[in-house]
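FYI, side chains are in, hydrogens and waters are out, and symmetry mates aren't considered; it's all heavy atoms of this structure. Throughout, protein chains are lettered first and strands after them, A, B, ... in sequence-line order, and every chain is numbered starting at 1.
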Amino acid sequence: MPDKPDKYDFHAIEPKWQRIWAERGLFRTTMRADKPKFYYLDMFPYPSGDLHMGHVRNYIIGDVIARHLHMRGFNVMHPMGWDAFGLPAENAAIERGIHPADWTRSSVAKMKQQFDALGITYDWSREINAAAPDYYKWTQWLFLQLYKAGLAYRGEASVNWCSSCNTVLAREELEGAACERCHTPVEIRRAPGQWFFAITKYAERLLADLALLDKWPERVRVMQENWIGRSEGVSFRLRLEGREDYLEVFTTRIDTIYGITFMALAAEHPLVEELIAGTEYEQPVREFVRQVALEAATDREAAATEKKGMFLGAYCLHPLTGERIPIWVTNYVLLEYGTGAVMAVPAHDQRDLEFAREYELPVKVVITPPDQSLDPDTMTQAYLDPGLMVNSGEYDGLGSEEFKQVIADRLEAEGIGRREVNYRLHDWLISRQRYWGCPIPIVICERCGDVPVPEDQLPVLLPEKADYTPTGESPLARVPEFVNTTCPACGSPARRETDTMTTFVDSSWYYLRYASPDAVDVPFRREEVAYWLPVDKYVGGVEHAVRHLLYSRFITKVLYDLGHISFQEPFTELFTQGMIYIDGHKMSKRGRVVRPEEISDKYGTDTGRTFILFVGPPDQDAEWSDRGVEGCHRFLQRVWRLVEENRGLYLAEWREVLHGGTAGATPAALEGTHRAIRRKTHQTIQTVTDDIANMRLNTMISAMMELTNELLPFAGEVGAEDTAGRAVLSEGIWALLHLLSPTAPHICDELWSRLGGEGSLYEQPWPEHDPAIAAAETITIVVQVNSKVRDRLEVPADMPMEQVQELALALPGVQKHVEGKQVRKVVAVPGKLVNLVVG
RNA sequence: GCCGGAGUGGCGGAAUUGGCAGACGCACCAGACUCAAAAUCUGGCGAGGCUCACCCCUCGUGCCGGUUCGAGUCCGGCCUCCGGCACCA
């Protein structure tokens with residue numbers, strides 16, 4: 001008999017096993033031919049220096065998957081790194097008055113320690129840091145590849161400016177009309193010399209290839225689709241009255257072309273100024289344009305409700321009828337989309353209708369619904385659906401959908417217009433006027449213009465000393481040693497580009513670097529990328545559904561086109577985990593935050609790991625519950641007691657006993673409880689295995705709780721002489737520890753070693769279930785009368801249904817309801833139920 | 001407005017292909033152990049009715065309707081909540 005059972009001392013057990021795993025280098029991964037590879041990736045975090053349980057959920061989900069797949073025989077790569085550049089680090093550093101590099105370093109150390117305390121299987125030999133020169137050297141290389149391919153260009157743009165952060169914001173960094181970080185309303189500014197990546201050139205492929213991503217959540221694919229915002233239409237020209245030039249418009253509703261009653265221009269449209277110059281409209285229109293610019297910057301929401309505009313005193317001519325069409329400037333047309341000018345058809349566009357009513361402009365119906373007629377003078381809702389053409393010259397009576405094609409053909413044939421596809425997606429503005437980012441490897445020479453830094457001169461190092469307080473110009477511009485250089489092309493004195501890149505560039509390629517984190521001469525080695533990539537499973541928050549994932553897909557396609565990699569989509573499967581709420585708030589924002597240390601101090605990290613999985617379906621949001629944590633701790637306590645208190649009954653050779661026929665314990669000879677427990681064990685193996693494969697990690701825990709709840713009382717019944725019973729119990733315990741080990745690895749490894757097991761369960765093969773043992777030999781048949789459950793029948797699984805029917809009919813509970821009535825129909829579903837329809 | 005997702009006990013949530021609604025956990029109640037409490041263990045726990053311990057009956061998965069022997073699950077129409085996009089022409 002073993003010594004007196006020990007208590008579950010997680011304070012001792014957890015560090016002990018973490019040390020053993022680290023010493024043995026258990027989680028280090030290399031390329032190998034004998035196993036299938038699996039690249040599991042967590043989205044790498046900003047090193048904020050403080051993990052809470054909301055973040056932890058992401059990493060535990062990943063760890064369970066990685067551990068499980070390793071036990072299943074996969075060569076699993078499970079790396080971690082740091083998205084270390086960027087505003088959060090810089091702002092935190094400014095607040096605390098320390099250098100961003102120092103702050104980042106200490107944050108990384110803290111978080112790494114937190115990860116290790118969670119028992120996560122990261123391969124730290126692959127750790128990467130986006131702010132380290134050996135990494136950002138290759139981010140600069142990436143920039144140069146895009147530059148050479150004509151995909152990186154400089155342009156002037158009207159940009160969203162945050163006066164608090166003193167920087168340009170990408171559209172992606174906005175929340176409504178405010179800065180997503182500090183919620184200051186943005187201003188619109190003209191900014192020259194900004195760098196862009198030409199992602200719109202890839203819009204079509206980024207959209208089309210979404211269809212390949214069948215292992216991505218529908219939700220995310222839809223969000224990307226919306227973001228790209230493809231729309232098909234026609235763009236055509238209208239001759240300006242009294243001038244030689246034209247006004248170009250884009251429309252998706254060319255079928256309403258005969259319904260145009262005015263033209264609407266964006267306030268910033270260049271033609272506005274031209275048309276009013278020297279006219280009586282000049283002053284008032286200029287004033288109006290200034291008002292619109294102000295409103296657009298501060299209060300886009302309100303502007304959206306109230307439509308305003310002003311006549312420019314100019315006309316253009318309808319390309320088909322030659323009618324004079326008044327040109328208006330408005331606050332509801334966007335310069336950035338289409339041509340910045342719209343053909344207004346009030347009868348068939350709600351916005352145009354509202355505008356027309358406001359300024360008493362004519363409304364002309366050109367499409368009528370089949371069963372009613374529209375009154376242009378009183379209608380308040382524009383008619384948007386298809387119908388029959390009216391007031392449209394020789395086309396009257398044609399279906400509007402058909403007319404759409406007919407008129408597009410005619411406009412193309414006459415050279416007036418052409419079919420065109422427009423996207424909402426804009427080119428990707430990557431310039432940031434900030435210090436803590438990757439310098440853009442460009443030298444500006446007065447003679448040569450923009451000159452890319454030669455690749456052999458990379459990295460362009462970020463100077464350590466800089467006044468990084470934001471002022472609007474890049475802090476790097478105030479570091480003469482950095483700015484002043486010589487032109488790589490002609491050797492004359494030149495200046496460096498002083499903007500840095502947005503961190504989304506850093507994170508758009510990091511998954512490639514994990515394959516070759518130590519590569520010195522190349523960003524990654526071809527053979528290693530070919531082996532590991534694409535990422536098999538990528539898990540992170542849905543907040544990255546659009547920007548990070550779209551940029552990564554774009555960069556992957558660019559690198560594919562340039563011949564650096566051989567795949568076009570970086571992430572085969574995507575899983576977005578839900579957020580953890582506490583007291584009704586996201587754990588990340590105001591309100592209470594639970595740090596992993598609080599849980600591990602009180603209950604152990606295994607308890608925290610178990611709870612964060614058990615809390616709910618991984619893809620859904622969940623509410624934190626201190627009580628729920630206690631429940632999971634009780635579960636682990638029961639597991640501990642089950643194994644530790646019954647060590648004396650454990651038979652390491654249970655397999656031989658159960659399968660070798662010793663002591664009359666062959667499966668066939670097992671009876672009653674023994675048989676039932678074996679069945680439960682094998683059913684649990686099956687359930688847990690399926691649940692992990694389908695990311696049902698909450699029900700996976702439930703299944704193991706059920707098994708534990710059956711094994712505990714069973715253990716109390718098994719006597720020392722009952723070899724068969726001991727073998728059945730041992731198999732149950734053996735299976736439970738293996739199945740539970742990805743979730744609660746420390747307690748399982750400890751109990752495993754106490755049973756005499758070798759090493760870590762991480763190195764053990766995953767259990768397999770025997771379907772014959774898992775199969776129930778008796779089943780419960782539900783007996784219904786008129787679809788109401790009246791009784792149940794316990795029968796052998798292989799009993800023919802005719803026989804089951806007879807038994808069912810004879811049941812007293814059934815007889816009562818059938819008596820005196822005629823059985824009209826019998827529905828018998830094998831293995832499930834018998835339904836007697838009587839009346 | 002458009003698109004996507006979700007509505008199940010007091011709570012979080014279970015429920016292959018339509019087939020025993022409420023697994024597992026929390027909370028709660030009762031009992032055991034204890035001088036007592038905590039911990040632990042055992043049992044109970046959707047609502048209503050009745051010939052109220054037991055049995056039995058009716059109702060019950062946001063609402064209304066449909067298909068079906070049978071609907072949480074499928075179809076149609078609504079309501080509510082969450083998320084994304086939003087004068088995108």
Could you run through RNA chain B and flag its stems, i.e. three or more consecutive Watson-Crick or G-U pairs with both distances under 3.5 Å?
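Stems (3+ consecutive pairs) listed as B:1-7 with B:79-85, B:10-12 with B:24-26, B:28-32 with B:40-44, B:46-49 with B:56-59, B:62-66 with B:74-78.
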Is it the case that the base of [N] and the side chain of [X] share a donor-acceptor contact (distance under 3.5 Å, atom types as modelled)?
{"X": "A:Lys307", "N": "B:C87", "value": "yes"}
{"X": "A:Asn835", "N": "B:C69", "value": "yes"}
{"X": "A:Lys788", "N": "B:U58", "value": "no"}
{"X": "A:Gln620", "N": "B:G5", "value": "no"}

Ring centres under 6.0 Å, that's the criterion: do A:Trp640 and A:Phe10 meet it?
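Here the rings of A:Phe10 and A:Trp640 have centres that are no less than 6.0 Å from each other.
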Can you tell me if [X] touches the phosphate of [N], counting only side-chain N or O atoms and a distance under 4.0 Å to OP1 or OP2?
{"X": "A:Arg627", "N": "B:A27", "value": "yes"}
{"X": "A:Asn786", "N": "B:C69", "value": "no"}
{"X": "A:Asn709", "N": "B:G25", "value": "yes"}
{"X": "A:His817", "N": "B:C57", "value": "yes"}
{"X": "A:Arg641", "N": "B:C41", "value": "yes"}
{"X": "A:Arg634", "N": "B:C26", "value": "yes"}

For a quick check of understanding: with a heavy-atom distance under 4.0 Å over all strands, which category does [X] fall into, base, sugar-phosphate or nothing?
{"X": "A:Pro617", "answer": "sugar-phosphate"}
{"X": "A:Arg792", "answer": "base"}
{"X": "A:Arg790", "answer": "sugar-phosphate"}
{"X": "A:Asn698", "answer": "sugar-phosphate"}
{"X": "A:Val782", "answer": "base"}
{"X": "A:Gly631", "answer": "sugar-phosphate"}
{"X": "A:Asp349", "answer": "nothing"}
{"X": "A:Val615", "answer": "sugar-phosphate"}
{"X": "A:Ser231", "answer": "sugar-phosphate"}
{"X": "A:Gln784", "answer": "base"}

With A:Gln405, which residues qualify under side chain to side chain donor-acceptor pair (under 3.5 Å), at least two apart?
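Residues passing side chain to side chain donor-acceptor pair (under 3.5 Å) with A:Gln405: A:Arg419.
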Starting from [atom2] on [N], measure out to [atom1] on [X] and report it in whole angstrom.
{"X": "A:Glu630", "N": "B:A27", "atom1": "CD", "atom2": "C1'", "value": "11 Å"}
{"X": "A:Phe635", "N": "B:U40", "atom1": "CZ", "atom2": "P", "value": "15 Å"}
{"X": "A:Leu265", "N": "B:C87", "atom1": "CG", "atom2": "P", "value": "19 Å"}
{"X": "A:Glu706", "N": "B:C24", "atom1": "CD", "atom2": "P", "value": "5 Å"}

By nearest heavy atom, map A:Val342 and A:Val829 onto RNA chain B; which one lands nearer the 5' end?
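The residue whose closest nucleotide sits nearer the 5' end is A:Val829.
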How far does the P atom of B:G9 sit from the matching atom of B:G62, given to the nearest Å?
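So the two P atoms sit 8 Å from each other.
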Given the P atoms of B:C74 and B:G18, what is the spacing between them in whole Å?
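My reading of the P atoms in B:C74 and B:G18 gives 9 Å.
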Just confirming the chi classification of B:G9, syn or anti, using 90° around 0 as the syn window.
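Syn.
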